[in-house]
Structures are given as structure tokens and as C-alpha cells.
Amino acid sequence: QQQVKQSPQSLIVQKGGISIINCAYENTAFDYFPWYQQFPGKGPALLIAIRPDVSEKKEGRFTISFNKSAKQFSLHIMDSQPGDSATYFCAASIGGGGADGLTFGKGTHLIIQP
Amino acid sequence: DSGVTQTPKHLITATGQRVTLRCSPRSGDLSVYWYQQSLDQGLQFLIQYYNGEERAKGNILERFSAQQFPDLHSELNLSSLELGDSALYFCASSATYGGGETQYFGPGTRLLVL
């Protein structure tokens with residue numbers, strides 16, 4: 001059973017455009033929602049994270065929008081740049097990523113075209 | 001560079017064999033997590049250790065085991081290997097557990113079972 005569903009699988013965006021990746025979760029006990037960025041040959045790296053007590057979090061060009069009632073959250077990348085080309089994973093956990101580890105979505109392969 | 005080191009980087013072995021993957025967490029981090037990344041299953045949480053004690057288990061097979069030593073490095077042992085065990089294995093570490101602790105991922109060990 002996939003507890004975190006991520007879409008789209010792949011995404012092509014023009015430089016300067018907005019990249020949007022969506023995730024939906026099933027387990028209402030999840031209380032920590034990070035996004036990870038992974039470049040080829042590297043391990044995932046934390047990009048930004050949110051807790052369900054806020055509906056939006058912004059860090060630079062990256063914004064997480066969170067809809068608790070719909071059990072959905074999304075990553076927006078503003079002014080997308082070729083250097084943002086990577087695979088992005090949403091994730092969720094109970095207890096803030098401590099006791100249970102992270103449950104990941106299947107990932108979105110993002111390509112930013114110059 | 002996340003500060004998490006993993007060895008070896010690549011490992012090629014045969015079915016039925018046993019291998020050991022090693023992870024050194026970031027300096028000062030007490031928690032170690034193991035994840036498996038494959039094309040069909042994505043990133044899956046296997047097991048977590050905190051200060052030498054097992055804290056949580058995910059989708060870890062009975063043929064797999066792990067431990068965390070007094071110096072906080074961790075080893076993941078994979079035995080009776082099957083073709084389907086071919087994957088990237090990541091180790092991550094965090095300072096403690098719970099409360100939204102950021103997990104820092106190592107570069108991974110790529111295992112190929114022939």
C-alpha cells in the first residue's frame with residue numbers, strides 16, 4: 001500500500017517558469033512533511049519541510065503548500081533554473097521523522113529547459 | 001557533502017552471498033537510518049538505530065539485519081542475496097529522533113547481485 005502518492009512522474013518546465021509537484025497522503029497520523037532533492041549519483045538532500053499546523057512555508061524560490069483537510073501538499077519552485085533539474089521526493093513521517101523513518105513518494109524527475 | 005560516509009560505493013556479488021554495508025554518521029549524530037532505493041519500489045525505510053539501540057523497523061526483510069556500534073557507525077548485513085536485492089542502499093543520520101529532525105543522507109552503496 002502506497003501511503004504517499006506523488007505526481008507527476010516527470011515534468012518539463014521552461015527556464016523561469018513555475019514547477020509544481022503534488023503529493024497526497026493517507027495516514028492522518030503523519031505530522032512532518034519534507035521534500036528532498038536528489039541529483040544523479042548523490043543521496044537525497046532536504047530541501048524544505050512543513051508541519052500540518054501551517055498552510056504554507058516559503059524558503060527562497062521554494063514553497064510548500066499544505067491542505068490538511070484534503071491530505072495533500074505540494075512543492076512550488078518559482079523562477080525555475082536549469083540547476084533545479086533533479087528528482088524530487090515528497091515524504092511524510094510520524095513523530096517528526098524520528099521513530100518511524102520517512103515514507104517517500106515515488107519521485108518526480110524535473111527537467112528545466114534553458 | 002552531507003557529512004555521512006558510506007562504504008563501499010559499489011558492490012557486485014552473486015546470488016546466495018552475504019555482504020556488509022558500512023555507514024558513518026555525521027559527527028555528533030546519534031540516529032542512523034537505512035533506506036533502500038530501487039526502480040520499482042522507490043525509496044523505502046528499512047531500519048533505524050539510536051545510540052546503539054534499534055528504534056524502528058520498516059520494510060526490512062528477515063535476511064537483512066543491522067547494528068550500530070559504540071562509536072555510532074552502523075552496518076547493514078544482507079544475506080542469502082537474491083537478484084531483487086540489487087538496489088541503492090542509503091544511510092542517513094540525524095542528531096536525535098523526533099521533533100522534525102533533519103535526516104542527512106550519505107552518497108549510497110550501489111549493490112548489484114548477479
Side-chain angles (χ1 to χ4, degrees), chain A residues 1-10 21 23 25 27 29-54 57 59 62 64 66 73 86-109, chain B residues 1-6 9-10 21 23-26 29-51 53-60 66 76 87-110:
Chain A
Q1 181 186 6
Q2 187 184 353
Q3 294 196 57
V4 179
K5 293 184 179 179
Q6 183 173 346
S7 62
Q9 239 181 338
S10 59
I21 304 171
C23 283
Y25 63 96
N27 189 344
F30 286 145
D31 63 358
Y32 175 66
F33 302 88
W35 284 88
Y36 277 79
Q37 180 189 54
Q38 185 178 26
F39 292 105
K42 303 287 187 184
L46 179 68
L47 196 60
I48 186 172
I50 198 168
R51 290 195 169 279
D53 52 346
V54 297
K57 183 174 181 181
E59 288 183 3
F62 302 93
I64 299 179
F66 187 83
F73 59 111
T87 301
Y88 292 81
F89 294 93
C90 61
S93 70
I94 303 168
D100 292 338
L102 293 165
T103 299
F104 283 91
K106 293 284 193 181
T108 295
H109 183 51
Chain B
D1 184 1
S2 67
V4 178
T5 60
Q6 290 186 246
K9 195 167 185 177
H10 301 279
L21 313 183
C23 167
S24 292
R26 292 189 325 151
D29 282 359
L30 299 178
S31 259
V32 169
Y33 308 77
W34 286 98
Y35 292 85
Q36 180 193 58
Q37 185 175 36
S38 61
L39 279 174
D40 54 343
Q41 297 294 325
L43 262 167
Q44 288 201 93
F45 167 65
L46 296 178
I47 196 164
Q48 177 201 4
Y49 278 80
Y50 173 75
N51 204 20
E53 300 286 328
E54 181 186 306
R55 269 200 65 81
K57 266 187 175 178
N59 299 321
I60 190 165
L76 179 67
L88 261 171
Y89 291 85
F90 287 105
C91 166
S93 73
S94 65
T96 57
Y97 61 88
E101 287 286 335
T102 298
Q103 293 185 29
Y104 297 88
F105 282 72
T109 292
R110 185 174 294 278

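If you're wondering where the values come from, they're calculated on a predicted model, not measured in any experiment. Both backbone and side-chain heavy atoms feed into the values below; hydrogens, waters and symmetry mates do not. Throughout, a chain's letter reflects where its sequence line sits, starting with A, and its residues are numbered from 1.
Within 6.0 Å of CD on B:Glu53 lie no more than 12 heavy atoms contributed by other residues, nucleotides or ligands. Taking a 6.0 Å sphere around CZ of B:Arg26, one finds it holds more than 12 heavy atoms contributed by other residues, nucleotides or ligands.
Considering every non-hydrogen atom in both A:Lys42 and B:Phe90, the closest pair reads O-CZ, 3.9 Å. The two residues A:Leu102 and B:Gln103 have their closest heavy-atom pair at CG-NE2, 3.6 Å.
Interface remark: B:Gln44 contributes no atoms to any contact with chain A (heavy atom separation under 4.5 Å). B:Tyr35 touches chain A through its side chain: at least one heavy atom from C-beta onward sits under 4.5 Å away, while N, CA, C and O do not. At a 4.5 Å heavy-atom cutoff, B:Tyr104 makes no contact with chain A through either its backbone or its side chain.
Between chain B and the options A:Pro44, A:Gly41, A:Gly43, heavy-atom pairs under 4.5 Å are most frequent for A:Pro44.
Rounded to the nearest 0.5 angstrom, B:Thr102 OG1 and A:Tyr36 OH are separated by 6.0 Å.
With hydrogens and angles ignored, the 3.5 Å screen pairs a side-chain donor or acceptor of A:Lys106 with a backbone N or O of B:Asp40.
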